[in-house]
Number of protein chains: 2
Amino acid sequence: MANIRDVADSAGVSVATVSRTLQQPERVSPKTRNKVMAAVQAVGYKPNLMAVKFRSGKTHNLVVLVPTVANVFFARVISGMQEAAAELGYSILLANTLGNSEIESHYAKMVSTSQADGLIQLRAFNPFDTSMINDNGLLPMVNACEVIDDGQYPVVSLDNRAAAKAMTEHLISLGHTRIAMIKGPNSSPLTQERLAGYKDALEQANITFDEGMLFPGDFTLQAGYNAGETISRLQKRPSAVFCENDETAIGAMQAFKQANLHVPNDISVAGFDDIAFSAFVDPPLTTIAQPAEEFGRTAVTLLVDLLNGKVRKAPKVIMPFELIVRESTGKA
Amino acid sequence: MANIRDVADSAGVSVATVSRTLQQPERVSPKTRNKVMAAVQAVGYKPNLMAVKFRSGKTHNLVVLVPTVANVFFARVISGMQEAAAELGYSILLANTLGNSEIESHYAKMVSTSQADGLIQLRAFNPFDTSMINDNGLLPMVNACEVIDDGQYPVVSLDNRAAAKAMTEHLISLGHTRIAMIKGPNSSPLTQERLAGYKDALEQANITFDEGMLFPGDFTLQAGYNAGETISRLQKRPSAVFCENDETAIGAMQAFKQANLHVPNDISVAGFDDIAFSAFVDPPLTTIAQPAEEFGRTAVTLLVDLLNGKVRKAPKVIMPFELIVRESTGKA
DNA sequence: ATCTTAAATGAAAACGGTTACATGCTTTTT
DNA sequence: AAAAAGCATGTAACCGTTTTCATTTAAGAT
């Protein structure tokens with residue numbers, strides 16, 4: 001592999017001149033510039049970017065911790081990140097962590113070992129352990145989607161409480177009073193916030209909250225199916241089910257159909273996220289649309305600003321949501 | 001940030017000893033080893049892996065070009081890659097290329113500029129242009145899933161022709177003779193192979209191939225829906241539809257339902273890939289299961305072997321498939 | 001006690017760039 | 001015409017490791 005010295009020799013100039021020709025062409029005379037460019041072609045020179053990154057101390061890599069790339073919503077977030085990163089001259093190193101904090105910790109180490117400049121975490125968990133904290137204090141991280149809001153790191157999130165309240169209000173406005181909720185993992189702040197929004201709406205409508213209307217889930221199709229089965233066998237069945245994400249809702253709908261319950265005539269089903277499939281299931285799913293790609297773009301932009309020292313205090317960005325009413329919800 | 005020299009000073013040894021203690025502990029006496037380890041702790045030393053990579057000339061990064069991470073099948077492939085890479089000490093740099101050859105070329109450049117050791121391409125396209133070819137000849141690449149089989153690069157693929165034949169035979173065995181096919185993009189070799197397998201089965205059953213039974217698609221839900229609408233309006237409607245992936249099949253089923261066609265009583269629908277959603281749609285989808293995670297694992301293993309010079313000729317790995325019969329296909 | 005051999009350690013070069021500083025040449029100013 | 005200023009280029013230090021080679025120290029053999 002030809003290096004900068006080969007080019008210098010071939011062009012009959014010094015390595016400094018070659019470097020300048022490539023980095024700041026205006027600082028070198030047109031005559032030598034041509035000589036150098038010709039030499040670059042002649043020897044087939046490609047700068048070793050590993051050397052550049054090492055020398056400059058900037059890797060222009062960003063680590064992204066994503067619980068699972070197989071989740072359609074995250075896939076959209078990642079797409080947005082990739083776009084923004086490309087525009088800003090950064091590369092994304094994607095880590096499929098499966099929510100495993102050891103794997104997260106492994107990848108987080110890339111920041112403390114100078115393999116990446118910063119990190120984006122899509123889960124409400126701080127992946128840095130004390131051994132990674134450097135002397136200046138915090139490592140550069142942005143927390144998006146599912147966040148720990150302790151003011152230490154910049155945050156990009158949705159007002160999950162307001163969104164859940166909006167969806168519950170929608171169901172109430174259709175006449176539903178027995179509204180079940182299929183939750184995410186209790187450990188997830190998302191679940192807590194959405195539950196709070198659900199309760200807000202009930203309270204506002206003077207409907208007493210019933211603990212028995214809460215069903216466990218973990219954001220997967222299978223969990224939705226399981227909860228759906230349980231619900232169909234219930235004596236006092238709810239007339240509507242609010243699921244914490246679309247996968248769960250689709251799984252639940254499947255269980256209802258197999259129990260000969262018609263959606264929405266017998267039971268209304270609502271989701272959260274608006275993944276692509278939701279418009280193509282039967283019936284099309286009522287859900288909350290999140291600007292997934294925009295989440296990704298914003299997180300990257302924020303992190304790059306942070307790296308460039310453009311932000312002092314950890315900013316907090318709240319993304320807008322939209323209630324998408326389709327055909328899976330109907331009158332009670 | 002403490003560097004190796006700080007450790008050496010703190011321990012009262014040379015940098016070489018520190019390096020050896022960390023890389024080949026057996027080559028240094030237990031006494032100094034302890035001294036050095038203590039010093040590492042004391043100064044909070046973390047090796048600068050950028051420097052290591054630069055010095056060693058090995059980045060231990062692998063670039064993966066994926067047409068779209070939002071595709072559930074690819075998401076599974078990527079999960080498999082991530083696992084295998086972690087085991088082998090490599091990191092995956094994921095590039096969401098949207099099938100755009102300029103973006104592919106951009107990321108492919110990471111290999112020729114020493115930012116990554118090798119590349120995995122999931123599309124039938126050679127991302128290297130002549131400017132990237134180095135003097136030794138080919139750049140290290142493995143082609144998986146959708147492949148160009150010209151013998152230049154290692155290949156991991158499915159026998160798409162046999163799989164499509166198996167699915168078509170299944171439909172024929174149910175008594176179907178008018179079998180439509182919703183295709184992928186014509187430019188994709190996948191489409192050509194699957195079409196060939198479809199024709200094989202027809203010929204074997206003495207059914208004349210009808211060009212009019214072929215419908216365009218691009219592997220998306222929307223394309224499946226569009227083709228499904230077209231098919232439902234047909235005068236001489238087929239009794240079965242074979243879709244080139246599950247998204248297409250799910251989209252088509254939705255269109256059939258809206259046209260009041262019952263699946264499978266009025267029309268059978270078959271997919272390809274066995275994504276998670278396929279078991280949770282109504283009716284559950286008959287499809288071809290591909291070992292997606294295994295695809296990823298194999299591609300990574302092959303590439304690492306290639307990098308270590310363990311393979312001479314480009315190997316060709318054919319992964320097994322499985323026909324999954326669910327409820328979306330029935331008697332004609 | 002002396003010589004040979006092996007093990008442990010240190011000094012310094014190397015990886016491939018960037019860049020501060022020095023040098024030489026040309027042009028402008030007086 | 002001499003001095004000052006500006007521009008183009010070269011020299012060499014530097015980034016943080018690894019590694020070769022030389023040197024010192026310890027151990028074993030006679």
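In what follows, chains are A, B, ... by sequence order, proteins preceding strands, each numbered from 1.
Rounded to an integer number of Å, the gap from CZ of F54(B) to P of dT18(D) is 13 Å. The distance from atom CD of Q115(B) to atom C1' of dG16(C) is 14 Å, rounded to the nearest whole Å. Computed from coordinates, the R33(B) CZ to dA7(C) C1' distance equals 13 Å when rounded to whole Å. Here the C1' atom of nucleotide dG16(D) and the CE atom of M50(A) are 13 Å apart, to the nearest Å.
Taking side-chain N and O atoms only, T32(A) has no distance below 4.0 Å to OP1 or OP2 of dA8(D).
A donor-acceptor contact shorter than 3.5 Å links the side chain of T301(A) to the backbone of R297(A).
Here the shortest heavy-atom pairing between N160(B) and L190(B) reads ND2-CD1, 4.0 Å.
Using a 4.0 Å heavy-atom cutoff across all strands shown, S114(B) reaches no nucleic acid atom at all. Residue-level contact check: S56(A) touches neither bases nor backbone, having no heavy atom under 4.0 Å from any strand.
If you check the side chains of N143(A) and Q121(A), you find no donor sitting under 3.5 Å from an acceptor.
Listed by first and then second residue, the side chain to side chain donor-acceptor pair (under 3.5 Å) pairs involving residues 2-16 of chain A are S14(A)-T17(A) (not counting sequence neighbours).
Under the side-chain contact (heavy atoms from CB on, under 4.5 Å) rule, M81(A) has a single partner from L94(A), L62(A), L122(A), which is L122(A). Put simply, the residue from E83(B), E293(B), E294(B) that forms a salt bridge (charged side-chain N to carboxylate O under 4.0 Å, His left out) with R76(B) is E293(B).
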Nucleotides 17-27 of chain C: protein proximity per nucleotide (B base, S sugar-phosphate only, - neither; heavy atom, under 4.0 Å): BBBB-------
